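Written out below as structure tokens is the structure these notes cover.
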Number of protein chains: 2
Amino acid sequence: MGERRFSRQRERIYQAVRASQVHPTAQMVYEELRAQMPRLSLGTVYRNLHLLAEEGLLVELDGPVARFDAQLRPHTHLRCMRCGCVADAEMAYDGGLDIQAARDGWQVESHSLIFNGICPACGKESEHLKGA
Amino acid sequence: MGERRFSRQRERIYQAVRASQVHPTAQMVYEELRAQMPRLSLGTVYRNLHLLAEEGLLVELDGPVARFDAQLRPHTHLRCMRCGCVADAEMAYDGGLDIQAARDGWQVESHSLIFNGICPACGKESEHLKGA
DNA sequence: CTCCTTAATAGTAATAATTATTTTTATTGT
DNA sequence: ACAATAAAAATAATTATTACTATTAAGGAG
């Protein structure tokens, strides 16, 4: 029956991300693998990256859409994993973290702390589904 | 001489972000303002959001390109503000933060902590410039 | 091992997000 | 008011991502 197949492409895409230290974009994975797999298509890379993320083998950083915030005092955010909305968290921003994060030759100036979860609205929807 | 002018559009765009609680995208700002400013163009919104961010009046969250990571154990990242590269930080992930962040009806499951700074490579470039 | 089913690919087209360009408008100093 | 030009509008172009369709190939049944 309809089992998920683990194709050579998916395996290579997964390994490419694992081997990389730069948290690559889809385009970067595509260009790297194309040398050895000339017929690989970018769509395949995108599809597999998302499938792998869905299976929990990869994590996706950042979104594909920029957002803006007028609250300048450094603070933290909550992002809904379901609808994508973003809200301010009430947690205090800990500037001391930046000092701890220093590493190698990096000069750290600030940080952004985003909590992933389910927003009130989406949480209610889930309850309804459960109740049905 | 070439002074920066603070146009009505820029003012309204800035205020729209300030008034919003949702950390809006450019598209969202555009749609909201269009009701009162039918001739406003999306390009103007983008340009002003970036100008405002450059001036330090706004902060830009997320980037326009998705990145992927095969390191599943929750961890923290370093991002270069100049070249955009991303690296793993050596700082431990503090799962306890998620509990502190709970708020309203939010269910918090995880967080992502990204430090902003200058990577070793870009740091060296700056030194060269200073030396010249 | 060969055949069949169908998941997954390649190739391509379409959409969405963002940036660049060109002409027009309007702010500001004189 | 007028000139100089920053910024806007309008539009085109680019980049990022997703959707669609025909073809390929993985994996189980015989």
Side-chain angles (χ1 to χ4, degrees), chain A residues 1-17 20 22-55 57-69 79 83-86, chain B residues 1-17 20 22-55 57-69 79 83-86:
Chain A
M1 294 283 258
E3 293 305 302
R4 172 151 293 172
R5 298 171 186 173
F6 216 91
S7 67
R8 200 173 317 133
Q9 286 87 335
R10 185 170 311 163
E11 175 65 21
R12 296 293 287 277
I13 289 165
Y14 177 50
Q15 294 303 338
V17 178
S20 168
V22 301
H23 307 75
T25 63
Q27 186 72 42
M28 291 163 83
V29 171
Y30 174 60
E31 281 168 14
E32 184 185 329
L33 291 181
R34 234 159 90 95
Q36 306 121 49
M37 311 177 82
R39 304 199 49 186
L40 182 68
S41 77
L42 184 56
T44 296
V45 174
Y46 269 104
R47 183 165 32 73
N48 278 302
L49 287 172
H50 288 141
L51 281 171
L52 289 163
E54 217 172 78
E55 292 170 27
L57 290 174
L58 293 183
V59 174
E60 186 171 349
L61 312 176
D62 275 12
V65 189
R67 286 176 169 269
F68 296 86
D69 190 354
R79 169 164 34 202
C83 72
C85 73
V86 178
Chain B
M1 293 282 261
E3 292 305 302
R4 172 152 294 171
R5 297 173 186 172
F6 215 90
S7 67
R8 200 172 319 133
Q9 285 87 337
R10 184 171 312 162
E11 176 66 21
R12 297 292 288 277
I13 288 166
Y14 176 50
Q15 294 303 337
V17 178
S20 169
V22 301
H23 307 74
T25 64
Q27 186 71 42
M28 291 163 82
V29 171
Y30 173 61
E31 281 168 14
E32 184 186 328
L33 291 181
R34 235 158 91 95
Q36 306 121 49
M37 311 176 80
R39 306 199 47 185
L40 181 68
S41 77
L42 184 55
T44 296
V45 175
Y46 270 105
R47 184 165 32 75
N48 279 301
L49 287 173
H50 287 141
L51 281 172
L52 289 163
E54 219 173 77
E55 292 170 25
L57 289 174
L58 294 182
V59 175
E60 185 171 350
L61 311 176
D62 275 12
V65 188
R67 286 175 170 270
F68 296 86
D69 190 353
R79 170 164 35 201
C83 71
C85 72
V86 178

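Fair warning: this is a prediction, and the values are worked out from it, not measured in the lab. Residue numbering restarts at 1 for every chain, and letters A, B, ... go by the order of the sequence lines.
- When rounded to the nearest whole Å, the span between CE of B:Met28 and P of C:dT18 equals 12 Å.
- With hydrogens and angles disregarded, a donor-acceptor distance shorter than 3.5 Å links the side chain of B:His23 to the backbone of A:Val86.
- Rounding to whole angstrom units, CG of residue B:Leu49 and P of D:dA7 are separated by 15 Å.
- Between the P atom of C:dA10 and the CZ atom of A:Arg10 lies a distance of 12 Å, rounded to the nearest Å.
- Between A:His50 and the phosphate of D:dT18, there is a side-chain N or O to OP1/OP2 separation shorter than 4.0 Å.
- Distance, A:Arg12 CZ to C:dA8 P: 18 Å, rounded to whole Å.
- At a threshold of 4.5 Å between non-hydrogen side-chain atoms, the residues B:Leu58 and A:Asp69 do not count as touching.
- We find that B:Arg10 and B:Glu55 are joined by a salt bridge, their nearest charged nitrogen and carboxylate oxygen being less than 4.0 Å apart.
- Atom CG of B:Leu51 sits about 10.5 Å away from atom CG of B:Leu57, to the nearest 0.5 Å.
- The shortest distance between the side-chain N/O atoms of A:Ser41 and the OP1/OP2 oxygens of C:dG11 is not below 4.0 Å.
- Although no hydrogens or angles enter the test, the distance criterion places a donor-acceptor pair under 3.5 Å between the side chain of B:Arg67 and the main chain of A:Val22.
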Pull out every protein N or O sitting under 3.5 Å from an N or O of nucleotides 19-22 of chain D, one pair per line with the distance.
none

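- Heavy-atom distances to DNA chain D give each of B:Thr44 and B:Ala66 a nearest nucleotide, and the one nearer the 5′ end belongs to B:Thr44.
- Here B:Leu42 lies in heavy-atom contact (under 4.0 Å) with a base.
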Under the criterion side chain to side chain donor-acceptor pair (under 3.5 Å), I'd like the reasoning laid out for A:Tyr30 against A:Arg34: C-alpha separation, chi angles, the key distance, then a yes or no. CA-CA 6 Å; A:Tyr30 174 60; A:Arg34 234 159 90 95; 2.8 Å; yes

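- Atom P of nucleotide D:dA16 and atom CZ of B:Phe68 are separated by 13 Å, given to the nearest angstrom.
- Using a 4.0 Å heavy-atom cutoff across all strands shown, B:Ala26 reaches no nucleic acid atom at all.
- At C:dT19, none of the side-chain N or O atoms of B:Tyr46 fall inside 4.0 Å of OP1 or OP2 (strictly under the cut-off).
- Taking only side-chain atoms of B:Gln9, from C-beta outward, the nucleotide of C:dA10, C:dA17, D:dA8 with the closest atom is D:dA8.
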Look for any protein N or O under 3.5 Å of an N or O in nucleotides 25-27 of chain D and output each such pair with its distance, or none.
from	atom 1	to	atom 2	distance (Å)
D:dA26	OP1	A:Arg8	NH2	3.1
D:dA26	N3	A:Arg5	NH1	3.2

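- We find that CG of A:Asn48 is positioned 11 Å from C1' of C:dA7, with the value rounded to whole Å.
- Of all heavy-atom pairs spanning B:Ala26 and B:Leu42, the tightest one is O-CD1, 4.2 Å.
- Summarising the geometry, the separation between CD on A:Gln27 and P on D:dT18 is reported as 14 Å, rounded to the nearest angstrom.
- Checking each of B:Glu31, B:Glu32, B:Gln9 against B:Leu40 for a side chain to side chain contact (heavy atoms under 4.5 Å, CB included) leaves exactly one that passes, namely B:Gln9.
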Walk me through it: do A:Gln15 and A:Glu11 pass the test side chain to side chain contact (heavy atoms under 4.5 Å, CB included)? CA-CA 6 Å; A:Gln15 294 303 338; A:Glu11 175 65 21; 2.8 Å; yes

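- In terms of heavy-atom proximity, A:Val17 sits nearest to B:Phe68 at CG1-O, 3.8 Å.
- In this structure, the CE atom of A:Met37 is 7 Å from the P atom of C:dA10, given to the nearest Å.
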